Amino acid sequence: MAMNARSITLGIDLGTTSVKAALLEAAPGDPSRFVVLASCARAARAEAVTQSAAAGPQGQEQDVSRTIQALHECLAALPRQQLREVGAIGVSGQMHGVVFWKTGQGCEWTEGEAAPVFEPRVVSHLVTWQDGRCSGEFLASLPQPESHLSVATGFGCSTIFWLLKNRLKASGFPVHLLPDIAEPGSVAGRTSHTWFEIPKGTEVGVALGDLQASVYSCMAQRTDAVLNISTSVQLAASMPSGFQPVQTPDPLAPVAYFPYFDRTYLGVAASLNGGNVLATFVHMLIQWMADLGLEVEESTVYSHMIQAAAQQEDTCLTITPTVLGERHLPDQLASVTRISSSGLSLGHVTRALCRGIVQNLHSMLSFQRLKEWGVERVIGSGSALSRNEVLKQEVQRAFPFPWSFGQDVDAAVGAALVMLRRNLNQKEA
């Protein structure tokens, strides 16, 4: 196949709360490195106005048209000249969720204000990974997967089984809906129209999970682990060469093994309780003050509580922060213990809360286990970690490795990087 001379790749990440696009090219004089030429992020604001009545309050659905609108806003903000030079597109998105469309009627191209755009047509809501409609009893009734990975509520296959039981009244699992498995970096197809100056016929790579793409964007060495604390928490590390997970699912296992590049695996502890726990605490404080007739800005509360915790270097207070449970312990609730009259200040409580988030993660994937896997350094990233010095102190206390902060994980960059390196390797070959 003749290679396109253009070296710019576009990465797209369709996330739960935001959409991001990034343009990459190989670093001049060093093809092993890359340069981010431009990037743009937009809030998706895609929560569906009308949720499934059958799913109840646990349902979490999104309006696909709003996600696509945010994607178009991102592309419209990128430099047009650089978009004209895009030779490949990498795509990443939130894992586990599911969306349906009618064959041949999923979208239609229309003339937008500045460029042709596609709009969803006969498309369902996206049932996200946060969906909670599948109870433990329902999940236990499902066939055992022929895999080392367990199913959980919010996973696409679980949702399909739920729909079969509650809506579709069909018999048998519709395996024809499942995607074909392809190697990362392989081409899924080509663009059918010129799209925001991106030429018609541009290669589009097979979609990647946002976890793998995020790790790929910043894991410089196989001996690196990557910790991301944003809304939730993910701690991921490359498994030793030759590792193969036991092909029996264990729903009580806190670590999952996800396929990674070059037929390797990532060991991942994915906690549901991260920055969202701190946000819940802040909202609780604001509500208490409102009940007392006081109004305080959220940013003011957050900055004061972090300052107070930074001055309180230690505490005997113990907080188990699992207000959302965990996938392997869905019924676990939060708790506070070792309460004393001298440990009730804002500094004590915030320090204990940050420590609890980290200790909960450590209980899932310990420092010793990471050492056994060959980890030598941890890359720390994520919005909750980057702006919280107390969380940084606690992760370094629990995981005494050399640390690197400041290099944010970016699934859009990772998706573009996969296609960029694929094209460079083909040129060299």
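Computed from a predicted model, the values in this text were never measured in an experiment.
Contact of the Thr322 side chain with the Leu333 side chain is not registered, since no non-hydrogen atoms from C-beta on lie closer than 4.5 Å. Residues Phe155 and Trp129 fail the side-chain proximity criterion, which asks for heavy atoms closer than 4.5 Å. Using a 4.5 Å heavy-atom cutoff, the side chains of Glu197 and Gln82 are not in contact. Considering only heavy atoms from C-beta on, His125 stays 4.5 Å or farther from Phe100 through its side chain. Between Ser340 and Leu317, every side-chain heavy-atom pair lies at or beyond the 4.5 Å cut-off. Under the 4.5 Å side-chain criterion, counting only non-hydrogen atoms from C-beta, Tyr216 is not in contact with Leu208. Within the 4.5 Å cutoff, side-chain heavy atoms of Val35 are placed close to those of Pro28. Inter-residue side-chain proximity for Phe258 and Leu149 is flagged as met; some heavy-atom pair is nearer than 4.5 Å.
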List the steps, then state whether side chain to side chain contact (heavy atoms under 4.5 Å, CB included) holds for Trp162 with Asp131.
-> CA-CA 12 Å; Trp162 188 92; Asp131 189 86; over 6 Å; no
Which is it for Ser65 and Asp63 under the side chain to side chain donor-acceptor pair (under 3.5 Å) test, yes or no, and what are the steps along the way?
-> CA-CA 6 Å; Ser65 64; Asp63 185 338; 2.6 Å; yes
When you look at Val395 and Leu227, which way does the side chain to side chain contact (heavy atoms under 4.5 Å, CB included) test go after all the steps?
-> CA-CA 9 Å; Val395 297; Leu227 172 64; 3.7 Å; yes
In sequence, state the C-alpha distance, the side-chain angles, and the governing distance for Val204 and Val187, and then conclude on side chain to side chain contact (heavy atoms under 4.5 Å, CB included).
-> CA-CA 6 Å; Val204 181; Val187 175; 5.8 Å; no
Steps toward side chain to side chain contact (heavy atoms under 4.5 Å, CB included) verdict (Val336, Thr318) = CA-CA 6 Å; Val336 183; Thr318 300; over 6 Å; no
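Put simply, the side chain of Ser158 never gets that close to the backbone of Val151: no donor and acceptor are under 3.5 Å apart. Checking side-chain atoms of His283 against main-chain N and O of Ala279 turns up a donor-acceptor pair under 3.5 Å.
Ring-centre distance between His362 and Phe367: not below the 6.0 Å cut-off. In this structure, the ring of Trp403 has its center no less than 6.0 angstrom from the ring center of Phe401.
The cationic group of Arg421 does not satisfy the cation-pi geometry with Phe34, failing either the under 6.0 Å distance to the six-membered ring centre or the 45° limit from the ring axis.
More than 12 heavy-atom neighbours from other residues, nucleotides or ligands sit within 6.0 angstrom of CD on Gln247.
Comment: Glu85 does not engage Arg80 in a salt bridge, judged by the lack of any side-chain N to carboxylate O separation of less than 4.0 angstrom. In summary, Lys20 and Asp210 do not engage in a salt bridge, as defined by a charged side-chain N under 4.0 Å from a carboxylate O. Classification of Glu183 and Arg263 as a salt-bridged pair holds, one side-chain N sitting under 4.0 Å from a carboxylate O. The residues Glu61 and Arg133 are annotated as salt-bridged, a charged nitrogen and a carboxylate oxygen being separated by less than 4.0 angstrom. Under the 4.0 Å criterion applied to side-chain N and carboxylate O atoms, Glu394 and Arg351 are assigned as salt-bridge partners.
There is no side-chain donor-acceptor pair under 3.5 Å between Ser214 and Gln212. Between the side chains of Glu326 and Asn273, at least one donor N or O lies within less than 3.5 Å of an accepting N or O. Checked by atom type, the side-chain pair Asn423/Thr9 shows no donor-acceptor distance below 3.5 Å. Between the side chains of Arg66 and Gln69, not a single donor N or O lies within less than 3.5 Å of an accepting N or O.
Using cut-offs of 30° and 60° for the angle between ring planes, the Tyr265 and Phe243 rings count as perpendicular. Ring orientation note: the planes of Trp195 and His72 are nearly perpendicular, at an angle over 60° on the 30°/60° scale.
Here the closest heavy-atom approach between residue Leu278 and residue Cys354 is recorded as CD2-SG, 4.2 Å. Residues Val268 and Leu211 come closest through the heavy atom pair CG2-CD2, 3.7 Å.
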